[in-house]
**Student:** 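Pasting a structure below so you can have a look.
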Number of protein chains: 2
Amino acid sequence: MDVKRLHVDTTTTLITMEDEVDRLVAAWRRERPDLDVEPLEVLSRVSRLARHLDRARRLAFSEHGLEPWEFDVLTALRRAGTPYQLSPGQLLTQTLVTSGTMTNRIDRLAKKGLVERLPDPSDRRGVLVRLTDEGRDRADQALAGLLDQERAILAELSRAQRSELAALLRQLTAPFDNIPG
Amino acid sequence: MDVKRLHVDTTTTLITMEDEVDRLVAAWRRERPDLDVEPLEVLSRVSRLARHLDRARRLAFSEHGLEPWEFDVLTALRRAGTPYQLSPGQLLTQTLVTSGTMTNRIDRLAKKGLVERLPDPSDRRGVLVRLTDEGRDRADQALAGLLDQERAILAELSRAQRSELAALLRQLTAPFDNIPG
DNA sequence: CACAGATATCTCGATGTCAAGATAATGGAC
DNA sequence: GTCCATTATCTTGACATCGAGATATCTGTG
């Protein structure tokens with residue numbers, strides 16, 4: 001039971017360690033041999049890896065005094081370019097949270113002086129959220145730290161493998177990102 | 001700005017749609033041309049895809065009257081096989097939550113009659129959480145539904161691509177799962 | 001056999017998130 | 001121009017999670 005199987009990567013002939021999902025899949029095959037659990041090989045790994053990444057990021061950001069959610073909002077604004085402002089709605093689609101959550105986030109960031117809320121001159125329902133100078137600096141610093149950490153995690157893979165992985169993931173994410181989803 | 005680039009998968013010559021991460025990376029290259037943001041191509045996609053999957057799962061489970069966190073706990077017990085019992089500590093490592101969270105989850109599942117708490121006969125500090133018959137049935141039903149949904153999501157990829165994707169992800173998750181992480 | 005450190009679980013307070021609904025403004029049909 | 005469906009944002013209440021600390025038990029050392 002739970003035989004130690006070693007997986008061999010066909011392109012590089014590198015031996016890879018077993019992970020929790022291997023154990024999870026083996027357990028399902030034992031308990032529910034009637035089911036095809038192949039989908040879990042991909043999607044359970046995505047979910048678990050995301051959870052690990054969340055933890056690692058929380059740690060990396062704490063050095064810059066930022067929470068992951070703060071980073072997400074500040075960098076979305078930073079990426080928008082001068083004058084670093086977006087509507088709450090645009091921030092929603094980028095961060096995948098609900099509108100109530102975003103209102104709350106903006107409130108807290110505004111209280112910390114990292115963003116400010118401005119009325120949208122062309123739509124009186126609307127609001128524009130703008131990064132302050134300090135917000136911009138904090139975002140820039142945290143981004144550099146994050147990239148260092150992510151590079152270390154990705155060192156497991158060759159450049160070609162990273163590129164292949166990105167392409168495969170894109171095929172899965174594109175439907176969610178483009179269809180209203 | 002934001003030129004519509006189309007990505008071509010080198011192995012299948014299939015054209016892939018752009019996704020949010022493509023836009024995100026393009027924006028960073030414009031705003032911070034001094035930084036190498038290649039890591040985001042992989043890891044931002046992992047995080048975003050996980051978020052999309054969370055939403056889709058919440059929807060799929062609601063048909064069976066389960067929350068995602070309930071599914072995670074019940075299926076961990078289900079996979080353990082007869083007599084379907086694990087310690088809270090074992091449940092922690094499988095679900096990647098903190099001990100306080102797990103205590104709370106077990107309380108709520110017990111109140112719903114899906115699990116029961118038993119004293120561990122061999123360690124008086126310890127507890128064993130056991131699946132009830134109803135808990136087992138609910139877990140089995142929800143799993144079948146989840147697999148159907150996941151198969152639909154993965155239909156974007158060929159069998160070979162799914163296998164390749166699983167192998168690449170395993171290389172990234174294995175260090176987290178094996179080193180204390 | 002006593003003790004110290006490790007381990008297993010639980011308690012508690014703070015906080016972030018979600019879902020649903022409220023409010024306000026827009027824009028196209030007629 | 002008026003109306004209605006749509007859009008944009010905010011409000012609210014319920015709830016799940018985390019982190020730090022408390023308690024009880026185990027285990028190895030001397």
Side-chain angles (χ1 to χ4, degrees), chain A residues 47 50-59 61-62 65-74 76 85-112 114-130 180, chain B residues 47 50-59 61-62 65-74 76 85-112 114-130 180:
Chain A
S47 293
R51 235 172 139 62
H52 286 303
L53 291 175
D54 273 350
R55 292 183 167 190
R57 263 187 297 192
R58 186 177 308 278
L59 203 63
F61 291 147
S62 68
L66 282 183
E67 298 292 320
W69 64 263
E70 295 179 299
F71 177 84
D72 288 343
V73 177
L74 296 181
Q85 54 190 27
L86 290 173
S87 70
Q90 292 173 303
L91 288 171
L92 288 192
T93 69
Q94 293 206 33
T95 54
L96 298 178
V97 296
T98 60
S99 64
T101 297
M102 186 53 68
T103 299
N104 188 16
R105 287 183 175 188
I106 295 166
D107 287 346
R108 286 174 279 154
L109 285 170
K111 201 165 297 177
K112 288 180 69 172
L114 301 180
V115 306
E116 52 191 345
R117 235 190 277 251
L118 308 172
D120 182 336
S122 68
D123 184 340
R124 263 184 303 184
R125 294 169 304 178
V127 168
L128 289 177
V129 181
R130 185 168 65 189
Chain B
S47 293
R51 243 178 130 61
H52 286 303
L53 290 175
D54 273 351
R55 292 183 166 188
R57 264 188 296 190
R58 186 178 308 277
L59 204 62
F61 291 148
S62 68
L66 282 184
E67 298 292 319
W69 64 263
E70 296 179 298
F71 177 85
D72 287 342
V73 176
L74 296 181
Q85 55 189 25
L86 290 173
S87 69
Q90 292 173 305
L91 288 171
L92 287 192
T93 68
Q94 293 205 34
T95 53
L96 298 178
V97 298
T98 61
S99 64
T101 297
M102 187 52 69
T103 298
N104 188 15
R105 287 183 175 189
I106 295 167
D107 287 346
R108 285 174 280 154
L109 286 171
K111 202 165 295 176
K112 288 180 68 171
L114 302 180
V115 307
E116 52 191 346
R117 235 191 277 252
L118 307 171
D120 181 337
S122 67
D123 184 340
R124 266 184 301 186
R125 292 170 303 180
V127 168
L128 289 177
V129 182
R130 186 167 66 189

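Note: hydrogens, waters and symmetry copies are ignored here, and every other heavy atom, side chains too, is used. A note on names: the letters A, B, ... follow the listed sequences, proteins ahead of strands, and every chain is numbered from 1.
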**Student:** Let me test you: for the helix from dC1(C)-dG30(D) to dC30(C)-dG1(D), what is the angle between the axes at its two ends (five pairs each), rounded to 10 degrees?
**Tutor:** 20°

**Student:** Tell me, do P121(A) and L128(A) make a side-chain contact under 4.5 Å, heavy atoms counted?
**Tutor:** yes

**Student:** With heavy-atom distances below 4.5 Å as the criterion, would you say the side chains of V129(B) and L86(B) are in contact?
**Tutor:** no

**Student:** With the threshold set at under 4.0 Å for non-hydrogen atoms, list the residues of residues 89-97 of chain A touching DNA chain D in residue-number order.
**Tutor:** G89(A)

**Student:** If we count only N and O atoms by modelled type, under 3.5 Å, do the side chains of R57(A) and S47(B) hold a donor and an acceptor together?
**Tutor:** yes

**Student:** Given side chains that start at C-beta, do those of R125(B) and D120(B) come closer than 4.5 Å, heavy atoms only?
**Tutor:** no

**Student:** Looking only at heavy atoms, which two atoms of A76(A) and Q94(A) are closest? And how far apart?
**Tutor:** CB-OE1, 3.8 Å

**Student:** Taking the side chain as every heavy atom from C-beta outward, state whether R105(A) and L91(A) have any atom pair closer than 4.5 Å.
**Tutor:** no

**Student:** Is the number of heavy atoms from other residues, nucleotides or ligands under 6.0 Å of R117(B) CZ greater than 12?
**Tutor:** yes

**Student:** Which heavy atom in L109(A) sits nearest to a heavy atom in W69(A), and how many Å separate them?
**Tutor:** CG-CZ3, 3.8 Å

**Student:** Starting from P on dC18(C), measure out to CG on L59(B) and report it in whole angstrom.
**Tutor:** 15 Å

**Student:** Report the distance from atom CG of N104(B) to atom C1' of dT15(C), rounded to the nearest whole Å.
**Tutor:** 15 Å

**Student:** Where does the chain B footprint on DNA chain D start and end, counting 5' to 3' with a 4.0 Å heavy-atom cut-off?
**Tutor:** dA16(D) to dC26(D)

**Student:** For L66(A) and L74(A), what are the C-alpha separation, side-chain angles and deciding distance, and is it a side-chain contact (heavy atoms from CB on, under 4.5 Å)?
**Tutor:** CA-CA 10 Å; L66(A) 282 183; L74(A) 296 181; 4.0 Å; yes

**Student:** Restricting to non-hydrogen atoms, name the atom on E70(A) and the atom on E67(A) that form the minimum distance, rounded to 0.1 Å.
**Tutor:** OE1-N, 2.7 Å

**Student:** Give me the atom names and distance for the closest heavy-atom approach of L92(B) to T98(B).
**Tutor:** CD2-O, 3.5 Å

**Student:** Just to confirm, is there a sub-4.0 Å distance from OP1 or OP2 of dT17(C) to any side-chain nitrogen or oxygen of R105(A)?
**Tutor:** yes

**Student:** Looking at every heavy atom in both L96(A) and H52(B), which two are closest together, and how far apart are they?
**Tutor:** CD2-CE1, 3.7 Å

**Student:** Please state how far atom CG in D72(A) lies from atom C1' in dT17(C), giving the value in whole angstrom units.
**Tutor:** 14 Å

**Student:** Excluding sequence neighbours, so at least two apart, what forms salt bridge (Lys or Arg N to Asp or Glu O under 4.0 Å) with R108(A)?
**Tutor:** none

**Student:** Hey, does the side chain of T98(A) come within less than 4.0 Å of dA19(C)'s phosphate (OP1/OP2), counting only N and O?
**Tutor:** no

**Student:** Could you tell me if the side chain of R51(B) sits less than 4.5 Å from the side chain of T95(A), heavy atoms only?
**Tutor:** no

**Student:** So which protein N/O to nucleotides 20-22 of chain C N/O distances come out below 3.5 Å?
**Tutor:**
none

**Student:** Tell me: CH2 of W69(B) to C1' of dC18(C), nearest whole Å?
**Tutor:** 15 Å

**Student:** From CD of E67(B) over to C1' of dA19(C), roughly how many Å is that when rounded to an integer?
**Tutor:** 11 Å

**Student:** To the nearest 0.5 angstrom, please state how far the CG atom of D54(B) sits from the CG atom of L59(B).
**Tutor:** 12.5 Å

**Student:** Please figure out whether T103(A) or R58(A) has its closest DNA chain D nucleotide nearer the 5' end.
**Tutor:** T103(A)

**Student:** Near DNA chain C, under 4.0 Å by heavy atom, which residues of residues 115-127 of chain A?
**Tutor:** D123(A), R124(A), R125(A)

**Student:** Which heavy atom in P88(B) sits nearest to a heavy atom in V127(B), and how many Å separate them?
**Tutor:** CD-O, 3.2 Å

